[in-house]
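It should be emphasised that the depicted structure is a prediction, and the values quoted were computed from it without experimental measurement.
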Amino acid sequence: MKIPFKAGNILIPKNVDMHKWSVVACDQYTSEPDYWNEVKNIVGDSPSTLSLTLPEIYLEESDVEERIKRINSNMKKMIDEDIFNEYKDSMIYLERTQNDGKVREGLMGIVDLEDYSYEKGSQTLIRATEKTVIERIPPRMKVRENALLELPHIMILIDDEKKEIIESLKNKVTDNDIVYDFDLMQKGGHIKGYKLDNDTINEVISKLEHLADKDYFEKKYDVKDKGILLFAMGDGNHSLATAKACYEKLKETMSEEEYLNHPARYALVELVNLHSPALEFEAIHRVLFDIDVNDLVNNLYNYYEISENGDGQKFELITKDFDKVLYIKNPKSNIPVGSIQIFLDEYLQNHSGKIDYIHGEDVTKELGSKEGNVGIIFDAMSKNDLFKTVILDGALPRKTFSMGHSNDKRFYLEARKIK
């Protein structure tokens, strides 16, 4: 089987301060202006991915159109000023030392958007693991549509429990292959990247082909007649969905031969092994604000059969008056966060109030116990369940899990021409 991952033409800046160049993914710290102000202070006037990306904290600002125009002209300026080295037909093996000292290994290459779909129930080789919120795509399309470059914060997972594909690459590289090696800002840790030679690239491809073998896949997951899931989205789901939406729009203006040979057919991503010890799944909790608490609780008890005796899907419900561990005996999803999200989506369609997605248990309890609020806490899902759940259930509800802390997320670093 031809797999949808290969070497690409990867751009890395030369003669710049890499510590100032590389900034965290745009969808982090969206409620923390102080973080982004500090990034601005660190970067100053130096060349930086800050001037090539749009942190989502600014998406609602009145000058967002101006910001996007500026991003596009900054990209052109950097290309005109020859700021990049282009590594043709390359893959980059990288080691990201997180703030906690754990090392996350990754592999940069390009994925074929022809083999990816974020549609519900899709059976493509590359699939969303969480529900894609379609409304989040158009504002991102505005950033990408006229952009000359893509800068990825997309992390895609492979299920390689033997740790033979990415983890073996450290033995195939030497100091002569290093293309970057520096400290990231704002507790981002350290990152080091190595260019792979052609023999190693071919070896990676053949090992990925083995993962995609139909007999191997069906035996491993104990399934029959399901589409092979080779690559599952880890982070940057909406960024890859945006790349796909832009490519589909482009196809309408081109012949088949043109679009199949266009650079926008591909997206630059980092592959990471699900079984990396540095990759920890954390639960994402819910807080409801400005809600009629009694009405919500009553509706929840009417919607599901709820018990307090440890039978069913577990969650914790926090209000001003109580903090209880409860169980759903007749769930509508494979996992508790899915069952609760189904209820909340229906409830909020017909009732006032708003929802936010919170990473820390302490913050969830503190907010949930305030007047007019409700907090809901979940256990983290086991990462070993991810592929099988997506194969059987399709994409999970949005905000089901998070991979690590904000400062451990992917930082913008490499780029690629998409025009």
Quick one: do E167 and N273 satisfy side-chain hydrogen bond (donor to acceptor under 3.5 Å, both in side chains)? Show the steps, please. CA-CA 8 Å; E167 287 82 353; N273 187 7; 3.1 Å; yes
Mind checking what makes ring pair (Phe, Tyr, Trp, His ring centres under 6.0 Å) contact with Y412, not counting sequence neighbours? H153
L344 and L296, any side-chain heavy atoms less than 4.5 Å apart: yes
Any side-chain heavy-atom pair from D213 and M1 closer than 4.5 angstrom? no
Side chain to side chain donor-acceptor pair (under 3.5 Å) filter on Y221, not counting sequence neighbours, yields D159
Please collect all salt bridge (charged side-chain N to carboxylate O under 4.0 Å, His left out) contacts where either partner lies in residues 356-378, sequence neighbours excluded, each pair once. E316-K365, K320-E371, D323-K365
Residues passing the ring pair (Phe, Tyr, Trp, His ring centres under 6.0 Å) test with F411, sequence neighbours excluded, are none
Not counting sequence neighbours, list each pair that qualifies as a ring-ring contact (aromatic ring centres under 6.0 Å, His included) and has a residue in residues 107-149. none
Using side chain to side chain contact (heavy atoms under 4.5 Å, CB included), reason through V23 and I42 one step at a time and then give a plain yes or no. CA-CA 10 Å; V23 308; I42 292 167; over 6 Å; no
So which of L94, I10, N85, I92 actually passes side-chain contact (heavy atoms from CB on, under 4.5 Å) with V179? I92
Non-hydrogen side-chain atoms of I377 and F315 separated by less than 4.5 Å: no
When you compare the side chains of E346 and N350, does any donor N or O come within less than 3.5 Å of an acceptor on the partner? no
Quick check: does any side chain N or O of N373 sit under 3.5 Å from a backbone N or O of S369, one acting as donor and the other as acceptor? no
Which is it for K170 and E105 under the salt bridge (Lys or Arg N to Asp or Glu O under 4.0 Å) test, yes or no, and what are the steps along the way? CA-CA 9 Å; K170 64 171 84 62; E105 296 165 86; 3.2 Å; yes
Let me see the working for E114 and R265 under salt bridge (Lys or Arg N to Asp or Glu O under 4.0 Å), right down to the final yes or no. CA-CA 7 Å; E114 287 283 337; R265 173 181 169 179; 5.1 Å; no
Using a strict threshold of under 4.0 Å (side-chain N to carboxylate O), is an ion pair present between E164 and K207? no
Determine whether L240 and I156 satisfy the following criterion, side chain to side chain contact (heavy atoms under 4.5 Å, CB included), listing intermediate values before the conclusion. CA-CA 10 Å; L240 195 64; I156 290 182; 4.1 Å; yes
Pairs meeting criterion salt bridge (charged side-chain N to carboxylate O under 4.0 Å, His left out) with involvement of residues 375-389, two or more places apart: K314-D379
Do F281 and M403 touch side chain to side chain, with heavy atoms closer than 4.5 Å? yes
Let me confirm one number: the CD-CG distance from Q98 to D100, rounded to the nearest 0.5 Å. 5.0 Å
Check whether any side-chain heavy atom of H262 lies under 4.5 Å from a side-chain heavy atom of M254, and answer yes or no. yes
Step-by-step salt bridge (Lys or Arg N to Asp or Glu O under 4.0 Å) determination, K219 to D215: CA-CA 6 Å; K219 194 173 167 194; D215 293 339; over 6 Å; no
If you look only at pairs with a residue in residues 271-292, which of them pass as a salt bridge (charged side-chain N to carboxylate O under 4.0 Å, His left out), with sequence neighbours excluded? K102-E280
Contacts of F343 meeting ring pair (Phe, Tyr, Trp, His ring centres under 6.0 Å) (sequence neighbours excluded), chain-then-number -> Y303, Y347
Would you mind checking if K220 and E161 are paired as a salt bridge, meaning a charged N to carboxylate O distance below 4.0 Å? yes
What's the verdict on side-chain hydrogen bond (donor to acceptor under 3.5 Å, both in side chains) for N309 and S307, showing C-alpha distance, side-chain angles and the deciding distance? CA-CA 6 Å; N309 65 6; S307 78; 2.9 Å; yes
Ring pair (Phe, Tyr, Trp, His ring centres under 6.0 Å) partners for Y259, two or more places apart: none
Kindly confirm or rule out a cation-pi arrangement of K324 over F322, judged by NZ or CZ under 6.0 Å from the six-membered ring centre and within 45° of its axis? yes
Anything under 30° is parallel, anything over 60° is perpendicular, the rest tilted; go ahead and classify Y35 against Y29. parallel
Are H190 and D181 close enough that a side-chain donor and a side-chain acceptor fall under 3.5 Å? yes
Can you confirm if the NZ or CZ of K354 lies within 45° of the ring axis of F289 and under 6.0 Å from the centre of its six-membered ring? yes
Going by the rule side chain to side chain donor-acceptor pair (under 3.5 Å), which residues pair with K77 if we only count those two or more places apart in sequence or in a different chain? none
For residues 133-150, pull every pair meeting side chain to side chain donor-acceptor pair (under 3.5 Å), keeping only residues two or more places apart or in separate chains. E56-R140, E65-K142, R144-E150, E145-K249, E150-R416
Pair K76 + E81, salt bridge at N-O below 4.0 Å: no
Take K224 and E218, measure what salt bridge (Lys or Arg N to Asp or Glu O under 4.0 Å) needs, and give me the verdict at the end. CA-CA 6 Å; K224 267 269 176 259; E218 291 188 342; 3.0 Å; yes
For Q313 and Y327: C-alpha separation, side-chain torsions, deciding distance, then whether side-chain hydrogen bond (donor to acceptor under 3.5 Å, both in side chains) applies. CA-CA 5 Å; Q313 289 184 348; Y327 299 85; over 6 Å; no
For residues 32-52, which residue pairs qualify under salt bridge (charged side-chain N to carboxylate O under 4.0 Å, His left out), counting only residues two or more places apart or in two chains? none
Mind checking whether F84 and W21 have parallel, tilted or perpendicular rings, split at 30° and 60°? perpendicular
